[in-house]
There are 2 protein chains.
Amino acid sequence: MKEREHEECGHEPLRSVLPAPALLEQAASLLRAVGDPARLAILLRLEDGERCVTELAAESGDGMSTVSQRLRLLRSERLVTTRRDGKHIYYRLADEHVSELIRNAMTHVAHD
Amino acid sequence: MKEREHEECGHEPLRSVLPAPALLEQAASLLRAVGDPARLAILLRLEDGERCVTELAAESGDGMSTVSQRLRLLRSERLVTTRRDGKHIYYRLADEHVSELIRNAMTHVAHD
DNA sequence: CCTTCATTTCATCACATCATGAATCGTTTT
DNA sequence: AAAACGATTCATGATGTGATGAAATGAAGG
């Protein structure tokens, strides 16, 4: 396979493996948004279908303010989108990538 | 202090959508571990092949202690595994699930 | 307009996380 | 055995994050 030592090769340490710092930060930020049990729970519930804030608050047992803050973060990372219907604002997953991300994480943990 | 709003359907609020709290916490913990630019950078580098701590420290420009702490977290979440070779300890990605997770996050961000 | 209901924003505080240097550990080399 | 080297652990201080109540926003209906 690959046998790399500490010897001098006279070349740059090839940093090109990494994407731009801004992209790195964005990706990390997105993952951090999902990396909270309460927010992850919201995303899992939304996989089952859209919900309004009151419903999410009832299902989690937390206050609406608390849930709203969680949703604010998820929205800022474009993980969820909203739809207004009268007094209610319904939340849903932004796209398929989100579902995949969640499922991948869940299966990785379950497969231990 | 929580009463059911909206219309009464006389049924349970179907909590079965969610996995056990322990699993939720585990998954969130895992995602949080990846949700840091420096640790994500390490994982991306390891996608290119295994590396020892000194190499990772050199490539990131941070101290070995700092890098070691990052690796400790990644190891505790079973995202990376180690192999000892003399004085060096080489790190590599634990499995292909990790790669998928990272790639998914990166593409989701890049596709914006 | 005034009220009510659903949601958001704001300010705050407790708590978690991260980087870092010093001390320590485990191998290899002399 | 001692020194050198690579890596980890420990303690700490700065910074970030999350929950929460009170106040603000905004739509719907009297």
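Chain identifiers are assigned alphabetically (A, B, ...) following the order of the sequence lines, protein sequences preceding nucleic acid strands; residue numbering begins at 1 within each chain.
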Participant: Not counting sequence neighbours, which residues clear side-chain contact (heavy atoms from CB on, under 4.5 Å) with A/A38? List them please.
Facilitator: A/D36, A/R70
Participant: Going by heavy atoms in the side chains, are B/M106 and B/L40 under 4.5 Å from each other?
Facilitator: yes
Participant: What is the distance from CZ of B/R84 to P of C/dC25, rounded to the nearest Å?
Facilitator: 14 Å
Participant: Once salt bridge (charged side-chain N to carboxylate O under 4.0 Å, His left out) is applied, do any residues pair with A/R83, and if so which ones, sequence neighbours excluded?
Facilitator: A/E50
Participant: Rounding to a whole Å, what distance do you find between B/D85:CG and C/dT28:C1'?
Facilitator: 12 Å
Participant: Tell me the interatomic distance from A/H88, atom NE2, to D/dA28, atom P, rounded to whole angstroms.
Facilitator: 11 Å
Participant: With heavy-atom distances below 4.5 Å as the criterion, would you say the side chains of B/V98 and A/H108 are in contact?
Facilitator: yes
Participant: OP1 or OP2 of D/dG6 sitting under 4.0 Å from any side-chain N/O of B/Y91?
Facilitator: no
Participant: Taking the basic N atoms (NZ, or NE/NH1/NH2) and the acidic carboxylate oxygens, is any pair closer than 4.0 Å for A/E47 and A/R103?
Facilitator: yes
Participant: Please report, rounded to the nearest Å, how far the C1' atom of D/dG6 is from the CD atom of B/E55.
Facilitator: 12 Å
Participant: Return yes if some donor-acceptor pair links the side-chain N/O of B/S60 with the main-chain N/O of B/L56 below 3.5 Å, else return no.
Facilitator: yes
Participant: Between C/dT27 atom P and B/K87 atom NZ, what is the distance in whole Å?
Facilitator: 13 Å
Participant: Would you mind building the protein contact string for nucleotides 16-21 of chain D? One character per nucleotide, 5' to 3', B for base within reach (heavy atoms under 4.0 Å), S for sugar-phosphate only, - for untouched.
Facilitator: -SSSBB
Participant: Tell me the interatomic distance from B/R72, atom CZ, to C/dT20, atom P, rounded to whole angstroms.
Facilitator: 16 Å
Participant: Expressed as a whole number of angstroms, how long is the span from B/L31:CG to C/dT17:P?
Facilitator: 14 Å
Participant: Rounded to the nearest Å, what distance is computed from the CD1 atom of residue B/I89 to the P atom of nucleotide C/dG26?
Facilitator: 11 Å
Participant: With a non-hydrogen cut-off below 4.0 angstrom, is A/Y90 in contact with a base, only sugar-phosphate, or nothing?
Facilitator: nothing
